[in-house]
Amino acid sequence: MMQRQGHLPTTEASRYLQRLCYHFTRKIRVTYDAHHGEAHFPWGLCVLRADTEALRFVCSAEDDASLARVQFAIDSHVELFSRKSPMAVCWQPAQTGPGAGVAPEI
C-alpha cells in the first residue's frame with residue numbers, strides 16, 4: 001500500500017473539510033463530521049483531519065498511479081474551492097516499505 005501525507009495551512013480547516021467532503025458525496029462514499037472525514041475513491045482512500053492550524057490529508061492506494069489520482073482529486077478540488085484566495089496542499093513524498101500500509105494517527 002502506498003501513502004502520501006499532505007497539509008493545507010488554514011485557520012478554516014473544518015470549513016474546508018466539510019465543504020470538500022460534502023462535494024465528494026455526490027459521486028463517492030464519504031463519511032465526515034466537523035473534524036474528520038474519509039473519502040473512498042474508486043482508486044484509493046483519503047482521510048482528512050481538521051485542526052486549528054491546517055487541514056491534513058493521508059491518502060493511500062495500491063500503486064503509484066492510483067495514489068496520484070487520489071492526490072489529483074484533492075489538489076483540483078482545493079484549487080476549485082480556494083479560487084478567491086488560492087491555496088495548495090503541501091505534500092510529503094510517498095511512503096513505501098514496512099509499515100507503509102498502516103495509516104498513521106492523524
Q) Picking from I74, L48, V78, what satisfies side chain to side chain contact (heavy atoms under 4.5 Å, CB included) with L8? A) V78
(Q) Main chain of A61, side chain of S66: is a donor-acceptor contact present, judged purely on distance under 3.5 Å? (A) no
Q | Note, M1 side chain near E62 side chain (heavy atom, < 4.5 Å) | A | yes
Q: Using a cut-off of 6.0 Å, state whether more than 12 heavy atoms not belonging to H23 lie near its atom NE2.
A: yes
(Q) I want to know whether H77 and F24 have ring centres closer than 6.0 Å. (A) yes
Q. Just how far is it from atom CE of M87 to atom CZ of F81, taken to the nearest 0.5 Å?
A. 11.5 Å
Q | Contact summary for S76 and A73, nearest pair of heavy atoms | A | OG-O, 3.2 Å
Q | Pairwise side-chain contact, F41 with C59, heavy-atom cut-off 4.5 Å (strictly under) | A | no
Q: Determine the minimum heavy-atom distance between H7 and A54, stating which atoms define it.
A: CB-CB, 4.3 Å
Q. About how many Å separate SG of C46 and CZ of R4, when rounded to the nearest 0.5 Å?
A. 11.5 Å
Q: Please check if atom CZ in R29 has more than 12 non-hydrogen atoms from other residues, nucleotides or ligands closer than 6.0 Å.
A: no
Q | Note, F57 side chain near Q71 side chain (heavy atom, < 4.5 Å) | A | no
Q: List the atom of V30, the atom of C21, and the distance in Å for their closest heavy-atom pair.
A: CG1-CB, 3.7 Å
Q) Is there side-chain contact between L45 and E38, with at least one heavy-atom pair below 4.5 Å? A) yes
Q: For G44 and V70, work out which heavy atoms get closest and say how close.
A: CA-CG2, 3.7 Å
Q) Between G37 and L17, what is the shortest heavy-atom contact and its length? A) N-CD1, 4.1 Å
Q: Decide whether L80 and L55 are clustered together by the hydrophobic rule: side chain heavy atoms of Ile, Leu, Val, Met, Phe, Trp, Tyr closer than 4.5 Å, transitively.
A: yes
Q) Checking side chain to side chain contact (heavy atoms under 4.5 Å, CB included) against V47, which of Q5, Q3, H36 comes through? A) H36
Q) In chain order, what residues pass the ring-ring contact (aromatic ring centres under 6.0 Å, His included) check against Y32, with sequence neighbours excluded? A) none
